Amino acid sequence: MSTPTTVDPSNDGAAAEAPTFPPPPEFVADAVAHEDLHDAASTDRPAFWGEQARTLLDWRTPFTQTLDWSNAPFASWFADGELNVAENCLDRHVRAGNGDRVAIHFEGAPGDTRRITYAELTADVQRAANMLQDLGVTRGDRVVVYMPLIPEAVVTMLAVARIGAVHSVVFGGFSAESLRARIEDAEAKLVVTADGGWRRGAVSPLKPAVDEALQGEGTDSVEHVLVVKRGGNEIAWDDERDLWWHDALQQADPHHEAEAFPAENPLFILYTSGTTGKPKGIVHTSGGYLTQAAYTHKNVFDMHPEKDVYWCTADIGWITGHTYVVYGPLANGVTQVLYEGTPDEPKPGRWWDLVDAYGVTVLYTAPTAVRAAMKAGRKVPDEHSLESLRLLGSVGEPINPEAWHWFRQVIGHDRTPIVDTWWQTETGAIMISALPGVTKLKPGAAQTPLPGIVAEIVDEEGNRADPGESGYLTITEPWPSMARGIWGDPDRFVETYWSRFDGRYFAGDGARLDGQGDIWVQGRVDDVMNVSGHRLSTAEIESALVGHEGVAEAAVVGAADETTGQAIVAFAILTAEAAEGVDRDAVAAELRSWVGQRIGAIAKPRQIVIVPELPKTRSGKIMRRLLRDAAEGRRIGDTTTLADPTIMATIADLM
């Protein structure tokens, strides 16, 4: 298959001629409704969000004040209103007569399955809420969740929300030390975990990491550890602290009356990396977060709960799993797929098996996963029907145009729109994305702020960028799902996100406006290299590399250089065809020239390393920090969170 023509958004003329894909006919009917959203939001933005909150959620006490921004940058949305988050995700759907609708099609990595209706999930969460209260958990207490992607994890999150407590989910791939730091910072009262979780055909132990974490200082706040039986692996046991989930759940009362809580009641803490080395506990509250989660899920994915089967492939350990696996889909009463394993487990094409088996209509995944499928070739997906798919989504990083085209052609059969979404842990929900039926899609561009969101690109001095210019991506007006602070450190919140540009939220992403004023996200500013005074985006160079027909995936980092300040170092995975009998040095030289042709001589990498794989977490995130260590000749840091902890030793040998 020939490589599709792509557009370099750094070239003003090319960007002005960016190819677009009009929405398929079946989406055009929704165009009027979506245009109405834009009109309403531009007329009165707070009133627009108030209408979304009233329409999408059930309130026990209706709010009278939509937004209080008097203590900026700490917002209050719908502050005098009261609701219960779990009730909005569960009970109200049962009361509306949809209890028999499937909430979750669960597929375990070993092949076990569960079909859970809204009535069944509601019953499970009610009993679990009583179980937590029996263990002394009350409103405001913190519960750390360290689990595989299984239904009990979703039940735990919703049960914590139901009683007004605060959950902090820690990705199951994190080390014991990372877990300990989060338990200590949140002063958690309870930890919910599993003996182990299935990953790539084997059990990955989880309870042993909890045991190790709780031996460290600062974890005395933990009174109990609840353990789900999942992996069947042997574990140590503390009779005074540890309880089996199934035993405690069986002893709990099956009926729980949901209490209403203020809209600004904290819902969860989610830790994200910080430049100081100490993770930042991002705090989200209830009413505003759930409003925007439901609004974006409904409109970005054009959801029809009565007929759609939705699948977001993210783990609940990340913000995507919070908003678009748990709260958004369940608030909208949607049927979804929950899958414990990896795309090729236990055999290549497992994802595509599940799409066909469950009739998935909307698939939301990461560019990394798309590029991994590209690397394997189209033979496996071509063996599947995939005819149920009607919309595809991209999340987590800018999707390169080559992956966008492949995703649409091979998986979407040249008929599905692709919504490329930009948002962050701190924003809580999607901020920039095309809307089906309205936007002519541009491969690789996030494109347009959603109705109700005001985003601007600015230069170093905070002046608005003109079409064709690059700068810093900022948000100028408050939005409902915005973070309410950093747990226990309000000054750090202001300094980190609101001090760079006066009155503007900025969390580190660079972006560019093309000739039509559409937004192309260029990646983190710390992933924007300064080479001899020229600002170059790592994402842009990666996109150029994977535009070569012999490259399946690439990662680019900036390495310290005495002459140029920073030098470009690239790591590339070749396609199976290109890797056969390859001369690595010759391929590296060819790729350097290729990048020079696509972007310019200044963008030629100092070094291109041909590697068998990139260092990725179990969720598929590339650990560029480790690649920078290798590029600068430093000792490689902790690799325990990688899907393949040995890959960095291989890469170091190839440097």
Side-chain angles (χ1 to χ4, degrees), residues 173-175 177-178 199-202 204 273 342-345 348 368-369 371-377 397 526-527 529 531 536 538-539 541-546 548-564 566-596 603-655:
F174 279 166
S175 66
E177 179 56 29
S178 296
R199 180 68 63 172
R200 298 192 179 280
S204 175
S273 59
T342 55
D344 55 356
E345 177 186 356
T368 295
R371 290 191 292 266
M374 290 175 66
K375 177 184 174 184
E397 59 181 298
D526 54 13
D527 288 336
M529 300 163 292
V531 181
L536 297 170
T538 57
I541 298 172
E542 289 170 1
S543 180
L545 283 166
V546 297
H548 189 283
E549 61 183 4
V551 177
E553 189 167 9
V556 171
V557 297
D561 188 277
E562 290 183 359
T563 303
T564 61
Q566 281 187 301
I568 303 165
V569 179
F571 301 82
I573 302 173
L574 302 182
T575 62
E577 295 81 3
E580 192 171 342
V582 68
D583 180 332
R584 293 176 181 271
D585 292 339
V587 171
E590 179 183 342
L591 292 176
R592 287 188 76 248
S593 297
W594 171 265
V595 173
K604 284 185 178 181
R606 179 186 72 185
Q607 181 181 11
I608 296 181
V609 187
I610 308 301
V611 297
E613 187 52 85
L614 295 170
K616 298 176 183 176
T617 65
R618 293 174 179 87
S619 66
K621 180 180 180 180
I622 298 172
M623 295 293 286
R624 288 174 172 81
R625 170 179 57 81
L626 297 178
L627 293 176
R628 278 192 290 270
D629 289 343
E632 296 183 341
R634 292 193 298 272
R635 186 181 70 84
I636 303 300
D638 181 21
T639 62
T640 57
T641 62
L642 298 181
D644 179 6
T646 68
I647 190 60
M648 283 310 301
T650 301
I651 291 175
D653 289 339
L654 293 170
M655 295 294 295

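Predicted, not measured: the structure shown is a model, and the values here were computed from it. Residue indices begin at 1 and follow the sequence shown.
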Search all heavy atoms of R606 against all heavy atoms of A631 and return the closest pair with its distance. NH2-O, 3.8 Å
Kindly compute the distance separating CD (E613) from CG (L642), expressed to the nearest 0.5 Å. 10.5 Å
What is the distance from atom CG of L574 to atom CZ of R584, rounded to the nearest 0.5 Å? 7.5 Å
Side chains of V556 and P605: closer than 4.5 Å at any heavy-atom pair? no
For P612 against I573, the heavy-atom pair lying closest together: O-CG2, 4.0 Å
From CG (L614) to CE (M648), nearest 0.5 Å: 9.5 Å
What are the two closest non-hydrogen atoms of F571 and I651, and how far apart are they? CE2-CG2, 3.7 Å
Quick one, I610 and L654 - any side-chain contact, counting heavy atoms below 4.5 Å? no
Looking at E542 and R371, is there a salt bridge between them, counting it only when a charged N and a carboxylate O are closer than 4.0 Å? no
Please examine the side chains of V611 and T650, heavy atoms only from C-beta on, and report whether any two atoms are closer than 4.5 Å. no
Could you state the interatomic distance from CD (E549) to CD (E577), rounded to the nearest 0.5 Å? 10.0 Å
CD of E580 to OG1 of T575: how many Å apart, nearest 0.5 Å? 10.0 Å
What's the spacing between Q566 CD and R628 CZ if we round to 0.5 Å? 9.0 Å
Step by step, would you call E553 with I622 a side-chain contact (heavy atoms from CB on, under 4.5 Å)? CA-CA 11 Å; E553 189 167 9; I622 298 172; 3.7 Å; yes
For I647 and P615, work out which heavy atoms get closest and say how close. CG2-CA, 3.8 Å
For A559 versus V569, what's the shortest heavy-atom pair and its separation? CB-CG2, 3.9 Å
Scanning both residues in full, the closest heavy-atom pair of A555 with L627 reads CB-CD1, 3.7 Å
